**Student:** 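Pasting in a structure now, in structure tokens, and then I'll have a few things to ask.
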Protein chains: 4
Amino acid sequence: MSIIKVAIIGCGTIANAAHIKAYLNNPNAEIKYFCDIIKEKADKAVRDSGCGEAIEDYRIILNDPEIVAVSICTPNHVHAAISIECLRAGKNVLCEKPAARTYAEALVMQKAQHETGLVLNIGVVNRFNTGVNLIKKMITNGELGELYHVYVSFRSQRSIPGLGGTFTTKSIAGGGALIDWGVHFLDIVMYCSGDPLPKTVSGQTYSKLGLDMPNYSYLNMWAGPPNYSGTYDVDDFVTAMIRTEGPTITLNGAWAQNIGVDEMYIDFLGDKAGIRLQYGKEFKVYGAKDGVLLETTPSFKSVDMFQNEIDAFLDCIRTGEKLPSHIDTVILSSQIIQGIYDSSDLNREIAF
Amino acid sequence: MSIIKVAIIGCGTIANAAHIKAYLNNPNAEIKYFCDIIKEKADKAVRDSGCGEAIEDYRIILNDPEIVAVSICTPNHVHAAISIECLRAGKNVLCEKPAARTYAEALVMQKAQHETGLVLNIGVVNRFNTGVNLIKKMITNGELGELYHVYVSFRSQRSIPGLGGTFTTKSIAGGGALIDWGVHFLDIVMYCSGDPLPKTVSGQTYSKLGLDMPNYSYLNMWAGPPNYSGTYDVDDFVTAMIRTEGPTITLNGAWAQNIGVDEMYIDFLGDKAGIRLQYGKEFKVYGAKDGVLLETTPSFKSVDMFQNEIDAFLDCIRTGEKLPSHIDTVILSSQIIQGIYDSSDLNREIAF
Amino acid sequence: MSIIKVAIIGCGTIANAAHIKAYLNNPNAEIKYFCDIIKEKADKAVRDSGCGEAIEDYRIILNDPEIVAVSICTPNHVHAAISIECLRAGKNVLCEKPAARTYAEALVMQKAQHETGLVLNIGVVNRFNTGVNLIKKMITNGELGELYHVYVSFRSQRSIPGLGGTFTTKSIAGGGALIDWGVHFLDIVMYCSGDPLPKTVSGQTYSKLGLDMPNYSYLNMWAGPPNYSGTYDVDDFVTAMIRTEGPTITLNGAWAQNIGVDEMYIDFLGDKAGIRLQYGKEFKVYGAKDGVLLETTPSFKSVDMFQNEIDAFLDCIRTGEKLPSHIDTVILSSQIIQGIYDSSDLNREIAF
Amino acid sequence: MSIIKVAIIGCGTIANAAHIKAYLNNPNAEIKYFCDIIKEKADKAVRDSGCGEAIEDYRIILNDPEIVAVSICTPNHVHAAISIECLRAGKNVLCEKPAARTYAEALVMQKAQHETGLVLNIGVVNRFNTGVNLIKKMITNGELGELYHVYVSFRSQRSIPGLGGTFTTKSIAGGGALIDWGVHFLDIVMYCSGDPLPKTVSGQTYSKLGLDMPNYSYLNMWAGPPNYSGTYDVDDFVTAMIRTEGPTITLNGAWAQNIGVDEMYIDFLGDKAGIRLQYGKEFKVYGAKDGVLLETTPSFKSVDMFQNEIDAFLDCIRTGEKLPSHIDTVILSSQIIQGIYDSSDLNREIAF
């Protein structure tokens, strides 16, 4: 089989922790370019990987006919623009989540995919997680009976990332806790329940605990340290209720809140059985049989979901298979997230 | 001080466990009548109390000029009718929660109160709970900063009461988990946050786990045992989002669900501090000061809230004081609960 | 149905906590005599029950033709003698566990049962426990595959009962931790695994921690307080290995040991699945399916096992049904326990 | 001091993780040969160590008069043969555990040691463990009083190593869980209790969970991956009871079992105090004083036990000191393990 030449655009945390490693492990891929506007980051990636060339300008990639696949690992505000340019230049794209800052941007990306026919997958990596797929299978097989409601909790006491940086600047990130964490949780719900069309969304977002930056108390900060001269104009709390063609969904999410318990889970409520999934961890199944209530904890071998994602991306370029992470599917959570932000601005429910 | 003569209408669980005991403890009250359409219940109450007369027909009470105060402890479907008749007959009324099966019924009750000027309080007993009042005081004093969101969880794995009986028959109870449990939780939220006017309600109720009565698996049943030839047409799960003039409120409630943890709590989220109240138990305050996150658990002497409620009812008859359990205040949760049921029927948000 | 007249011989803890209550709840039974050599105990039982006559001499029972059923709740050393006299006098007998102090005594009891044809059941009450029966059913149905080994742990740091009293005097009790606690654990194992015939027994018992009575440190003492002028000549630790026609069984038991954890459980090891039963509490099932390891915790309604036991005893007198607690079945654990004591004396394995 | 020239025979996991590293750290030793029948393993060891010569044929070592000490790190089936050849060639030997596949093989090794007078130590490395030596000292000092029983648990839910490989092939390994894990646990017991002579052994071994290799569910596999065309004919569960001149010992061991808890510990029961040692981790001492029950957890600096073992081996070649890991001591556990396997085959107790 011929080797697929790959380029990485954006050499930050997610590129290094996930994409690059997975491409290096795949025998059919070779990374040719590491691109970052901060040249040192690209240089370091080349050194660590022992292959490829460090570049600052991604247009080199667009113009290199050898490049077949591109991973876009930049901040959110250039996801759409770069994805579209890559597609138009004939490249297959795996773009990190969220697809874009807004639903409108995501729609333009989808249009470019439809017009070029090339691959445009989004980094909704939980669709390649072993446990999530076990849950999806159980729901599809009817083991939960009718799935009527899903409750989503992604609440942390103190987890605002990089206060004053790209994560907390709306023009760059598109939003806060909802777009950064909520996108993963919502995506798991949509995937497991069969990607049902949304019907109404009512939501409210709040920008509270990070607003007075100097007085934000925290124990540690991922994507930190704080930049007190930066911007903080994103949501650190969100609540919403969504009606779909399938189950209703309610959610509470917090990058930060004055409640001292971290509750990161999804409850799938079916009339035969239910599941609580601890995000990124194990899940429990609750059912009943012959008057006996049963609580079951499965344990299973997990394959690295990022490796699965990259392997599937490379394969689908060859086979033409439409993956569950295709923009056509992921566009729905983009629509829902936009709906929550709009509903919050309008203080009323949005109907689609 | 002269003794207030009291009548009890409905001699079931709540009358025996709460009202009667409290009247007996109050030196200024005397129970003259115990009324129940099941005569044995009234007889037993007389025996247990060592006072009063057992009667079947509550119109005896209406016609007895000695009676000043009435506790209405019947099933929900006759709350409105009997309260109104009592008021029109010149009696002061303490009516058990919920005020009525529907908002419309509650409005008629309120009208009768306004026209007679007599007392009409509802049994929202948590307004007389020591811990709840501590929380209300902290919020009023600004100790939580701006209270922007409240999350309410009243979820149990298996707690449908008296399957097939009055609790699960809509024409009698008016509803299920929402009206029976939710009314208490919502009332605490409303009380602590200053009874803010509701603006929008979006909700969905489900009747799932009790529907197939013979196959409902449970470990024990309060207000049981099941009557398999009875009716089950009420909600056993509810989810909702409410916008008010104050905080937004979201809730999940379950008399029964296939998730094996009982979560009965209210989260008050303020921008300075937050509180998680375990329903009927202790609460924790979460704040931060000088970079240190603080978790505080207050302990305090609790006075029996039912005793408080009855004492205050008897006092306000004399003093004319308007209690926080007055129909004028409680009518708001009645409106919200109606809004949730209506929203669920219409599959869209209701604006007030 | 005619009422069965019952006599209770021995009005100590087990009679009051279990037998008497259960007979009173059974509509087809009436307790005529409460017998105890300490008259006050019999008197108190009469007062508490509101029925029957208090007597000191059990021969009154033997001579009363109205008495059909007898519960023997005396110390162990008179189990055999009184059971046999009752059977010879035409009474049906439920004798508390252990059947007797020794296997030889138990065999004589069994002989009397065979000769009279009357009921002789032993109080192996776990055979009427809901959870134990669920486990038995799973094993019988093959859900565990081949059950090859059972490990039994009844180990407590400090639980010697009534130091210096009847429990710790060999001539009265027949033994210590093994005969008092082990009999229940072994009985569950035998019942669930189909009462397999034992083949070899190797065991060792120790009388250590209670031996120096004045220096025995403990936190509380059931059947206490200590009588330092009494006798302590029974086992407080036992270990054994048993081969049967079914699984092998190993056990460690301690009324007292210098290991500070209480481990009271039975592990059933099958080649398809296994079960850990926490004695008197819940159990967990461990299995595997399609490469996934599964841990399942059932919850279920439990009926009072003593009530079940008494109800079944009364029924079987009428129907002639042979219960799983019949002396013919229970004799096997008596044989095993004797084997352990003998093996310990001989310092070698016993083969049957 | 002159440098001792060393040869390593067998360059697998234990050689690399323990022996080689320790020799390199000892200033008085120099590794001259790395021998493995798989040449690449020897080559890699040379590269990693930066010294010595890679060879395939261990007879080169026998014939090199410079070599004074040999570490034998091969699979079990050639332990005896190579040890004996080394001794006969005038080399001092440290042979990995177990001494041999069978007691008979071990006896021949011992005979060769006696005839040559050279060192033959076995890799019972826990005898050089800091915590184990603390326990031994406490027992020897009488701090536990009389040590009357030891219970040994080495039970894992899923830990069969290299299914279908050398570990699970009896002709190579000599056995499974008992000989591979049990040898370490038993050795600790023997060492701490003064290497008492065994008197009787009754045991049973089972080959259950690995037998149907394709359907063996597991989460990860050490010494893996599985070779489904290989052999599985060893024990994955063992239970046994041992009488000695000192305490009785009972054990349960599982490489795999359908009980979902890993319990790896040794309980030393004395009449004054007891100890639970978590294998490879901390231990707790349980005692009592003046009516108070005491639980003590010692913490201490640990020296690498493999380094201790190698240092002591090199020293004893010079000093002639007889180490606690001498074949004369270790032969006892070999006898016990053989006894368990024989007892299992014969379905009865073995007396020595």
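Naming: A, B, ... by sequence-line order, numbering from 1 per chain. The structure displayed is predicted, hence computed values, not measured ones.
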**Student:** Picking from B/Asp290, B/Ile259, B/Leu211, B/Thr250, which has the most non-hydrogen pairs under 4.5 angstrom with chain A?
**Tutor:**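 Looking at each option in turn, the highest pair count goes to B/Ile259.
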
**Student:** Considering non-hydrogen atoms only, spot the tightest contact between A/Arg243 and B/Gly203 and give its length.
**Tutor:**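 Heavy atoms only, the tightest pair is NH2-O, 2.8 Å.
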
**Student:** Does any heavy atom of chain A fall under 4.5 Å from the side chain of B/Ala240, the backbone, both, or neither of them?
**Tutor:**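 B/Ala240 touches chain A through backbone heavy atoms alone.
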
**Student:** Quick check for you: to the nearest 0.5 Å, what is the distance between A/Thr239 atom OG1 and B/Met241 atom CE?
**Tutor:**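 Here the interatomic distance stands at 6.0 Å.
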
**Student:** Let me know if B/Lys272 has heavy atoms under 4.5 Å from chain A in its side chain, its backbone, both or neither.
**Tutor:**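 For B/Lys272, the backbone is the part near chain A, not the side chain.
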
**Student:** Using modelled atom types and a 3.5 Å cut-off, is there a donor and acceptor pairing between side-chain atoms of B/Asn258 and backbone atoms of A/Gly270?
**Tutor:**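 Answer holds: yes.
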
**Student:** Would you say A/Tyr206's side chain and B/Tyr148's backbone share a donor-acceptor pair under 3.5 angstrom?
**Tutor:**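 Between the backbone of B/Tyr148 and the side chain of A/Tyr206 there is a qualifying donor-acceptor contact (under 3.5 Å).
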
**Student:** Answer with yes or no whether the side chains of A/Ser202 and B/Glu349 bring together a donor and an acceptor at under 3.5 Å.
**Tutor:**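 Judged by distance alone, the side chains do pair up.
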
**Student:** Any non-hydrogen side-chain atom of A/Asn347 less than 4.5 Å from a side-chain atom of B/Lys199?
**Tutor:**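 When only atoms from C-beta onward are counted, B/Lys199 and A/Asn347 do not touch, as no gap falls below 4.5 Å.
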
**Student:** What residue, out of A/Ala256, A/Ala273, A/Ala288, A/Ala254, has the most heavy-atom pairs lying under 4.5 Å from chain B?
**Tutor:**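 Highest number of heavy-atom pairs under 4.5 Å: A/Ala273.
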
**Student:** Under 4.5 Å, counting heavy-atom pairs only, tell me which of A/Phe237, A/Tyr218, A/Tyr216 racks up the most with chain B.
**Tutor:**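 Of A/Phe237, A/Tyr218, A/Tyr216, A/Phe237 has the most heavy-atom pairs under 4.5 Å with chain B.
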
**Student:** Based on non-hydrogen pairs under 4.5 Å, which of A/Val285, A/Asp236, A/Thr248, A/Val261 is most in contact with chain B?
**Tutor:**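 So the answer, after comparing A/Val285, A/Asp236, A/Thr248, A/Val261, is A/Thr248.
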
**Student:** Do B/Asp267 and A/Gln257 come close enough that some side-chain heavy atom pair is under 4.5 Å?
**Tutor:**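 Result no, sub-4.5 Å side-chain heavy-atom pair not found.
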
**Student:** Is it the backbone or the side chain of A/Ser343 that comes under 4.5 Å from a heavy atom of chain B, or both, or neither?
**Tutor:**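 For A/Ser343, heavy atoms of backbone and side chain both lie under 4.5 Å from chain B.
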
**Student:** Would you mind telling me which of B/Asn252, B/Asn215, B/Leu219, B/Thr200 has the largest number of heavy-atom pairs within less than 4.5 Å of chain A?
**Tutor:**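 Looking at each option in turn, the highest pair count goes to B/Asn252.
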
**Student:** Between B/Arg276, B/Lys284, B/Arg158, B/Glu295, which residue shows the highest count of heavy-atom pairs closer than 4.5 Å to chain A?
**Tutor:**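 With the most close heavy-atom pairs to chain A, the winner is B/Arg276.
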
**Student:** Do the side chain of A/Arg348 and the main chain of B/Ile350 share a donor and acceptor less than 3.5 angstrom apart?
**Tutor:**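 Pair absent, no side-chain N/O of A/Arg348 close to backbone of B/Ile350.
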
**Student:** Specify which of B/Gln204, B/His149, B/Glu146 makes the most heavy-atom pairs with chain A at under 4.5 Å.
**Tutor:**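 Result: the option with the highest number of such pairs is B/His149.
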
**Student:** Against chain A, label B/Ile275 side chain, backbone, both or neither, depending on which of its atoms sit under 4.5 Å from a heavy atom there.
**Tutor:**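 For B/Ile275, backbone heavy atoms alone lie under 4.5 Å from chain A.
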
**Student:** Minimum heavy-atom separation for A/Ser217 and B/Val292, please, with both atom names.
**Tutor:**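 Scanning both residues completely, I find the closest heavy atoms to be OG-N, 4.3 Å.
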
